[in-house]
Amino acid sequence: MGTRNFVWNFTKKFVTFGLITVTVSDRYVTVVPVRGGSMSPTFNPKTDSFTDDYVLVEKFCLQKYKFSHGDIVIFRSPSNYKETHIKRIIALPGEWFVSRHDQDVHKIPEGHCWVEGDNAASSTDSKSYGPVPLGLVRGRVTHVVWPPQRIGAVKNTNTPDKLPSS
């Protein structure tokens, strides 16, 4: 009877912990790996390293789409919904800005943002597929949580190429 009671209590605690973890991960925060070099040197600064950076992604910003210039966001690819990308917000809805790679002036439609990788040479971003709908954004990166020597808050760098909105 003691073993059966132990197994039942363990199962209840395991299921409860699992449900809480799924709820928190889905609604509030999650940890995701950063693959590739498109955000180097912010993430994965060493190309010869076998360890990817892992980042904390908060999802409170999704309630009213509260983003700022320079925020790093995780979003679904506009061209392939199975892919998830991580890039920096360069321009927000309704703004005009000058693209760094071709010096074109772009107006960002309402409900969209312009994103680019920190390493332009190896980044597929808004230069390739245009403004990203805010509905595809899954959260904002706030901290690096792995590897241990890189643990810390992520710096938000503002972008100087914006033009005044009209």
Side-chain angles (χ1 to χ4, degrees), residues 15-47 49-95 97 99-100 106-120 122-162 165:
V15 169
T16 302
F17 179 75
L19 289 173
I20 291 171
T21 301
V22 167
T23 301
V24 168
S25 175
D26 186 50
R27 304 194 89 196
Y28 305 113
V29 296
T30 190
V31 174
V32 298
V34 178
R35 310 259 189 244
S38 70
M39 286 300 292
S40 182
T42 306
F43 303 121
N44 298 335
K46 296 180 182 174
T47 56
S49 174
F50 294 109
T51 306
D52 290 327
D53 284 357
Y54 282 75
V55 295
L56 184 71
V57 179
E58 65 94 1
K59 299 180 180 185
F60 294 106
C61 59
L62 299 177
Q63 293 172 350
K64 294 186 180 181
Y65 295 111
K66 297 272 185 181
F67 298 107
S68 300
H69 297 99
D71 281 350
I72 298 174
V73 293
I74 302 278
F75 61 96
R76 295 271 183 216
S77 169
S79 57
N80 181 353
Y81 72 94
K82 293 181 181 180
E83 293 180 3
T84 301
H85 297 284
I86 179 168
K87 306 291 180 206
R88 189 177 302 275
I89 292 181
I90 304 299
L92 295 166
E95 293 181 343
F97 87 104
S99 175
R100 288 182 264 174
H106 300 274
K107 179 162 183 5
I108 308 304
E110 289 301 320
H112 291 70
C113 64
W114 189 272
V115 296
E116 292 183 5
D118 289 355
N119 182 358
S122 73
S123 182
T124 303
D125 48 31
S126 287
K127 296 177 296 212
S128 304
Y129 42 72
V132 174
L134 292 175
L136 295 178
V137 176
R138 309 283 17 91
R140 175 180 28 227
V141 175
T142 60
H143 292 80
V144 174
V145 295
W146 189 262
Q149 66 272 19
R150 295 192 26 79
I151 290 175
V154 174
K155 291 182 175 61
N156 176 341
T157 59
N158 288 325
T159 54
D161 335 8
K162 292 183 310 167
S165 299

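Computed from a predicted structure; not experimentally measured.
Here the side chains of Ile72 and Phe43 are in contact, with some heavy-atom distance below 4.5 Å. Using a 4.5 Å heavy-atom threshold, the side chains of Pro78 and Phe75 count as touching.
Of all non-hydrogen atoms in Thr30 and Lys59, the two that sit nearest each other are CG2-CE, 3.8 Å. Of all the heavy atoms in Ile108 and His112, the pair that sits closest is CG2-O, 3.4 Å. Listed here is the closest heavy atom pair of Lys107 and Gly94: NZ-O, 3.4 Å. The two residues Lys155 and Arg88 come nearest to each other via the heavy atoms O-NH1, 3.5 Å.
The side chain to side chain donor-acceptor pair (under 3.5 Å) test applied to Ser79 returns Ser77, not counting sequence neighbours. In this structure Phe67 satisfies the ring pair (Phe, Tyr, Trp, His ring centres under 6.0 Å) test with no other residue, sequence neighbours excluded. Residues satisfying the side chain to side chain donor-acceptor pair (under 3.5 Å) criterion with Ser38, sequence neighbours excluded, are Lys87. Applying the side chain to side chain contact (heavy atoms under 4.5 Å, CB included) criterion to Thr84, with sequence neighbours excluded, gives Ile74, Arg76. Scored by the ring pair (Phe, Tyr, Trp, His ring centres under 6.0 Å) test, His106 finds Phe97, Trp114 as partners (sequence neighbours excluded).
Between the CG atom of Leu92 and the NE2 atom of His69 there is a distance of 4.0 Å, given to the nearest 0.5 Å. In this structure, the separation between OG1 on Thr124 and NE2 on His85 is 7.0 Å, given to the nearest 0.5 Å. With values rounded to the nearest 0.5 angstrom, Lys127 atom NZ is found 4.0 Å from Asp125 atom CG.
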Listed pairs under 3.5 Å, donor-acceptor, residues 131-140 side chains, sequence neighbours left out:
from   : atom 1 : to     : atom 2 : distance (Å)
Arg138 : NH1    : Gly135 : O      : 3.2
Arg138 : NH1    : Leu136 : O      : 3.4
Arg140 : NE     : Glu58  : OE2    : 2.8
Arg140 : NH1    : Lys66  : O      : 2.9
Arg140 : NH1    : Asp71  : OD2    : 2.8
Arg140 : NH2    : Glu58  : OE2    : 2.8

Going by atom type alone, with no hydrogens or angles, which donor-acceptor pairs under 3.5 Å involve a side-chain atom of residues 144-152 and a protein atom two or more places apart or on another chain?
from   : atom 1 : to    : atom 2 : distance (Å)
Arg150 : NE     : Asp53 : OD1    : 3.3
Arg150 : NE     : Asp53 : OD2    : 3.1
Arg150 : NH2    : Thr42 : O      : 2.7
Arg150 : NH2    : Asp53 : OD2    : 2.8

Legend entry - Working for side-chain contact (heavy atoms from CB on, under 4.5 Å), residues Ile86 and Val141: CA-CA 9 Å; Ile86 179 168; Val141 175; 3.6 Å; yes

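Each of Val154, Val57, Leu56, Val29 was compared with Thr142 under the side-chain contact (heavy atoms from CB on, under 4.5 Å) criterion, and only Leu56 meets it.
The backbone N or O of Pro41 sits nowhere less than 3.5 Å from a side-chain atom of Asn119 that would complete a donor-acceptor pair.
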